[in-house]
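Below is one structure; the comments refer to it alone.
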Amino acid sequence: KKILKQKFVLLASRIEEDLEVSVEFINGDNSYWTPTPLNEIEDLQIKGVIDIGDDQSEFEKLVSLVHEIGHAIFYQNSDMKNHKRILLFEESLAWYLGYNYALKVGIEIDLKQYADCVERALKLYVKELK
């Protein structure tokens, strides 16, 4: 539990520096990426906020952060953000990009556990689309 918390703190501070985002806790068990509107970036000096639900386990918080980092990377580095949203594509890509980023900065997450989370989430997305 302590190691998971340390990984979370290291990853949060790294992404805040690398992508100029703010990582914050919110009440509940949901987590979100919210980009800063382009006309407000200069005033706020951040490019978005990653909100992490505080009612999650330490592992869930870490996984949520990794996934939301994937959204932030996609948003900041893709021209596709300006086109029609393709939910399943964006969600799948966020899972991949976030995990890849975590590994790149030295934060390892058990791939089996992570893949289980991805599979559950993608099944929920598919269910929502039906």
- request: Would you check, one step at a time, whether the test ring pair (Phe, Tyr, Trp, His ring centres under 6.0 Å) holds for Phe8 with Phe25?
  value: CA-CA 12 Å; Phe8 181 94; Phe25 285 106; 5.5 Å; yes
Residues Leu97, Ile69; criterion side chain to side chain contact (heavy atoms under 4.5 Å, CB included); working and verdict: CA-CA 8 Å; Leu97 291 171; Ile69 285 171; over 6 Å; no
task: Applying side chain to side chain contact (heavy atoms under 4.5 Å, CB included), run through Tyr32 and Ile26 and close with a yes or a no.
output: CA-CA 10 Å; Tyr32 308 94; Ile26 57 170; 3.8 Å; yes
- request: Walk me through it: do Arg120 and Leu124 pass the test side chain to side chain contact (heavy atoms under 4.5 Å, CB included)?
  value: CA-CA 6 Å; Arg120 276 193 307 276; Leu124 286 173; 5.7 Å; no
query: When you look at Val49 and Glu24, which way does the side chain to side chain contact (heavy atoms under 4.5 Å, CB included) test go after all the steps?
result: CA-CA 7 Å; Val49 176; Glu24 303 171 6; 3.9 Å; yes
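Annotation: side chain of Leu65 is in contact with side chain of Val23 (closest heavy-atom distance under 4.5 Å). Proximity of Gln76 to Val21: side-chain heavy atoms (C-beta onward) are separated by under 4.5 Å at one or more points.
A salt bridge links Lys112 with Asp116: at least one charged nitrogen is closer than 4.0 Å to a carboxylate oxygen. No salt bridge links Glu58 with Lys1; every basic N to acidic carboxylate O contact stays at or beyond 4.0 Å. Ion pairing of Glu17 with Arg14 is absent here, as no side-chain N (NZ or NE/NH1/NH2) approaches a carboxylate O to less than 4.0 Å.
No more than 12 heavy atoms of other residues, nucleotides or ligands shown are found within 6.0 angstrom of CD1 on Ile3. Summarising the local packing, OH of Tyr96 is surrounded by 12 or fewer heavy atoms from other residues, nucleotides or ligands at distances under 6.0 Å.
In summary, the aromatic rings of Tyr114 and Trp95 are positioned with their centroids under 6.0 Å apart.
Residues meeting the side chain to side chain donor-acceptor pair (under 3.5 Å) test with Glu16, sequence neighbours left out: none.
Between the side chains of Ser31 and Gln56, a donor-acceptor pair is found at a separation under 3.5 Å.
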Show me the donor-acceptor pairs, under 3.5 Å and distance only, between side chains in residues 100-107 and residues at least two apart or in other chains.
| unit_1 | atom_1 | unit_2 | atom_2 | d |
| --- | --- | --- | --- | --- |
| Tyr101 | OH | Asp18 | OD2 | 2.6 |

